[in-house]
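Reading through the structure tokens given below for one structure.
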Amino acid sequence: MDLITETKTDPFQIRDVETLVNWLASFGQSDIGGANRLLYSEAWLEAQLALKNMMKANGFTAYFDSVGNLFGRLEGTKQKDKTILTGSHIDTVIDGGKYDGVFGIIASFLATKILYQKYGRPHKTIEIVSLCEEEGSRFPLTFWGSGNITGKYTLKDALSIKDTEGISLATAMKKAGFDPATYRSPQRKDIDAFIEMHIEQGLVLDYSNTSIGAVDYIVGQRRFSICIKGESNHAGTTPMPYRKDAISLASQYIYYLTEKAKRLDKDLVVTVGKINAKPNVPNVIAGEVEFSLDVRHYNDPLLDQYCDDLIQYFTSISEELDMPIDIHPWMNVKPVAMDPKLTLLSKKVAIQHNISVRSLVSGAGHDAQVFGEFCPTALLFVPSQKGISHSPMEFTKKEDLENGVHVLINYLYELAYT
């Protein structure tokens, strides 16, 4: 099957992908070229309604569930009760890039539409999904869309949540047309597989000049807040042997973290991204330092080993120096494996059509990790130039966008038409 062959009379062609990405990304465009489509905002609603109209105009049965996930359905001729779900999220970070989430929705729409034009309705039902929320940019909650579909969340999980302006999630839902009073669980029991196409948000594909990444694992994440208590004192009159310098000890810990990670495993990544020192004055020894710690790897026992070792080391040094330390773990997300058969199929399809492909581990979270614990799931990447994402500078070449759609067309054909 060669689905790249198209005619000028086709309503949609693979080469339309860039135009459609630009169209959808224009909703909520900011003055600096980024995108702001926060959950249940005006721009978010405009984008979802525009997508719904496009789906309906092209032969899909388009509908929302009770939290605002948008679906475009092509019912199967032989298996109506089993659904191949494909898509990504419509929401953005503040001043996010045009491809994050949007490309996955557009790629799924184009691939399914082109299949429909050429072969009619699928044997097994296909649904495109524009997931209402993934990023956690407006409310302190992530994966609200996929979490409702998989049963991870219900409305009770969101009743007390508010954004930075004090607006509750329930109020925002109602204003956008999804009244919590009419909430019905969006949990699905018919999903046979979930397929997500996304930009990589990393460097590997771009630096290796590869068009498609077939993700084997999405990493687990452990996050901590660590607070060290020392003693504030005069910078000029306190001799070095008598100091309890919280910044000095924090720097020792951070060096230990990074060096141990390098030695333990090349795929283990550790980040201290935020540091607060008190009193934060140039001529005063810091009496308190709090810093964040983000640890990621796809192997859960290795994450356990690393975190246990660092806690033991931190605690022993703290006791030795008589400088109290508080280690507060606040996130523990397990690694999620993508379905091996689906991942192998993505590689097979790319190779058959002479599109470069390689295995990857995703260091970023995606809706696929929520679905991956619920149903067979595949996550496919296209390159993001220089690995830039969550930025107006986000960019993916047209050729790679087209290759992503081409792979997805043939992939969905294998899953739903054969």
Side-chain angles (χ1 to χ4, degrees), residues 37-40 44 48 63-71 82-93 100-101 104-105 108 127-163 168-170 172-173 176 178-198 201 215 217-223 294 296 298 300 303 329-339 342 362-379:
R37 288 186 304 278
L38 306 189
L39 178 62
Y40 302 135
W44 175 95
Q48 288 287 68
Y63 67 97
F64 287 107
D65 67 17
S66 61
V67 296
N69 292 312
L70 171 64
F71 300 88
K82 294 292 184 181
T83 300
I84 303 298
L85 188 65
T86 179
S88 195
H89 60 95
I90 190 64
D91 69 314
T92 68
V93 298
D100 183 359
I105 297 167
S108 295
E127 287 194 35
I128 308 156
V129 63
S130 176
L131 294 160
C132 67
E133 193 278 337
E134 184 251 22
E135 299 283 7
S137 299
R138 181 176 181 183
F139 298 96
L141 157 138
T142 55
F143 305 115
W144 179 239
S146 54
N148 270 273
I149 294 171
T150 60
K152 178 180 179 179
Y153 293 134
T154 69
L155 188 62
K156 292 180 181 179
D157 296 297
L159 289 177
S160 62
I161 291 176
K162 295 182 178 180
D163 66 13
S168 70
L169 188 144
M173 281 181 70
F178 304 96
D179 192 336
T182 61
Y183 176 90
R184 295 179 61 186
S185 173
Q187 185 172 0
R188 300 279 294 267
K189 296 182 179 179
D190 63 324
I191 299 174
D192 208 41
F194 175 67
I195 314 301
E196 183 171 17
M197 180 74 72
H198 206 280
Q201 299 180 288
V215 175
Y217 294 91
I218 299 175
V219 296
Q221 298 184 41
R222 308 287 176 84
R223 295 190 190 181
D294 181 313
R296 306 188 189 200
Y298 59 84
D300 210 38
L303 279 173
W330 61 272
M331 178 185 282
N332 185 351
V333 176
K334 301 293 184 183
V336 177
M338 299 293 95
D339 184 81
L342 290 177
S362 174
H366 295 281
D367 287 297
Q369 76 189 63
V370 177
F371 282 106
E373 295 182 309
F374 176 75
C375 65
T377 298
L379 177 59

Exercise for the section: Spell out, as yes or no, whether a donor-acceptor pair under 3.5 Å connects the side chain of S66 to the backbone of R184. Expected result: yes
For Q187, the side chain to side chain contact (heavy atoms under 4.5 Å, CB included) test, sequence neighbours excluded, returns S185, F374
Separation between NE2 (H89) and CG (N69), nearest 0.5 Å, reads 12.5 Å
Between D300 and P335 the two heavy atoms that sit nearest each other are OD1-CD, 3.4 Å
Do N148 and Y183 meet the criterion of a side-chain donor-acceptor pair at a distance under 3.5 Å? yes
**Message:** Check this for me: does any side-chain nitrogen of one of R37 and E135 sit under 4.0 Å from a carboxylate oxygen of the other?
**Reply:** no
Rounded to the nearest 0.5 angstrom, the OH-CD distance for Y40 and E133 is 8.5 Å
Heavy-atom distance under 4.5 Å between the side chains of P329 and R222, does that happen here?
-> no
**Prompt:** Does some side-chain heavy atom of T83 sit less than 4.5 Å from a side-chain heavy atom of F194?
**Reply:** no
Donor-acceptor under 3.5 Å (D91 side chain, E134 main chain)
yes
- request: Measure the shortest side-chain to side-chain distance between I161 and P140 over non-hydrogen atoms and say whether it is less than 4.5 angstrom.
  value: yes
- request: State, with a plain yes or no, whether a side-chain heavy atom of H198 is found less than 4.5 Å away from one of D100.
  value: yes
The reported gap from CD1 in I149 to CG in L85 (rounded to nearest 0.5 angstrom) is 6.0 Å
### Task
Determine, stepwise, if the pair W144 / L169 fulfils side chain to side chain contact (heavy atoms under 4.5 Å, CB included).
CA-CA 11 Å; W144 179 239; L169 188 144; 3.9 Å; yes
Can you check whether D179 reaches M173 side chain to side chain, under 4.5 Å on heavy atoms?
no
CA sep, side-chain torsions, deciding dist, call: T377, L342, side chain to side chain contact (heavy atoms under 4.5 Å, CB included): CA-CA 7 Å; T377 298; L342 290 177; 5.5 Å; no
Practice problem: Decide yes or no for D367 and F143: does some side-chain heavy atom of the first lie under 4.5 Å from some side-chain heavy atom of the second? | Solution: yes
Will you find, in the side chains of E373 and T150, an N or O donor that is under 3.5 Å from an N or O acceptor? no
